[in-house]
Amino acid sequence: MKYSFNKELNHLIRQLIHQGWCYYNGSKHGRLRHPNGQPTLTVPKTPGDFRSFYNFRKDLRRATRSHKET
């Protein structure tokens, strides 16, 4: 399954799914949900910016860090 048109995002999302994350398809964006239910991250299907992969990784780090603290 193709999650995004960005190769790096696709690879990262596949790794997350193998770790237990759930992917939900949308019309413009997909959603990734942590195995414990929170948090939910938005995945751009057609990223228009070359920094989108780095921004997504930063959001992922923030989400997993804040999830571990609670």
Side-chain angles (χ1 to χ4, degrees):
M1 179 174 188
K2 195 171 198 175
Y3 303 104
S4 177
F5 285 102
N6 184 319
K7 293 185 294 187
E8 295 165 323
L9 271 175
N10 255 344
H11 184 69
L12 179 60
I13 293 168
R14 282 192 185 113
Q15 288 177 345
L16 290 171
I17 289 173
H18 282 109
Q19 293 174 9
W21 289 67
C22 296
Y23 180 83
Y24 300 98
N25 210 2
S27 60
K28 290 187 180 182
H29 302 291
R31 295 271 184 187
L32 271 176
R33 190 179 54 155
H34 193 274
N36 296 335
Q38 291 290 337
T40 302
L41 296 173
T42 303
V43 180
K45 285 188 178 180
T46 55
D49 190 8
F50 70 94
R51 296 176 299 231
S52 61
F53 173 69
Y54 302 109
N55 292 335
F56 182 77
R57 262 193 350 196
K58 184 170 54 171
D59 292 341
L60 178 64
R61 273 189 242 123
R62 283 182 187 159
T64 54
R65 182 177 5 159
S66 67
H67 184 67
K68 288 178 184 177
E69 292 173 357
T70 49

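Keep in mind that this is a model prediction, so the values were computed, not measured.
Put simply, OG1 on T64 and CG on N36 are 11.5 Å apart, with the number rounded to the nearest 0.5 Å. N55 contributes atom CG, which lies 9.5 Å from atom CZ of F50 (distance to the nearest 0.5 angstrom). Rounded to the nearest 0.5 angstrom, N10 CG and Q15 CD are separated by 11.5 Å. The OG atom of S4 sits 10.5 Å away from atom NE2 of H29, with the distance rounded to the nearest 0.5 Å. To the nearest 0.5 angstrom, L32 atom CG is 11.5 Å from D59 atom CG.
The main-chain N or O of M1 is found under 3.5 Å from a side-chain atom of R14 such that the two form a donor-acceptor pair. Using a distance-only test at 3.5 Å, with no hydrogens or angles considered, no donor-acceptor pair links the side chain of K45 to the main chain of K2.
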- prompt: Between H34 and W21, is a side chain to side chain contact (heavy atoms under 4.5 Å, CB included) present by the stated rule, with each step listed?
  reply: CA-CA 5 Å; H34 193 274; W21 289 67; 3.4 Å; yes
query: R31 and V43: side chain to side chain contact (heavy atoms under 4.5 Å, CB included), yes or no, with the steps?
result: CA-CA 6 Å; R31 295 271 184 187; V43 180; over 6 Å; no
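In this structure, Y24 is not a member of the same hydrophobic cluster as L41, with clusters built from ILVMFWY side-chain heavy atoms closer than 4.5 Å. Note on F56: it does not cluster hydrophobically with F5, by side-chain heavy-atom contacts below 4.5 Å among ILVMFWY residues.
Screening I17, L16, L9 against Y3 for a side-chain contact (heavy atoms from CB on, under 4.5 Å) leaves a single residue, I17.
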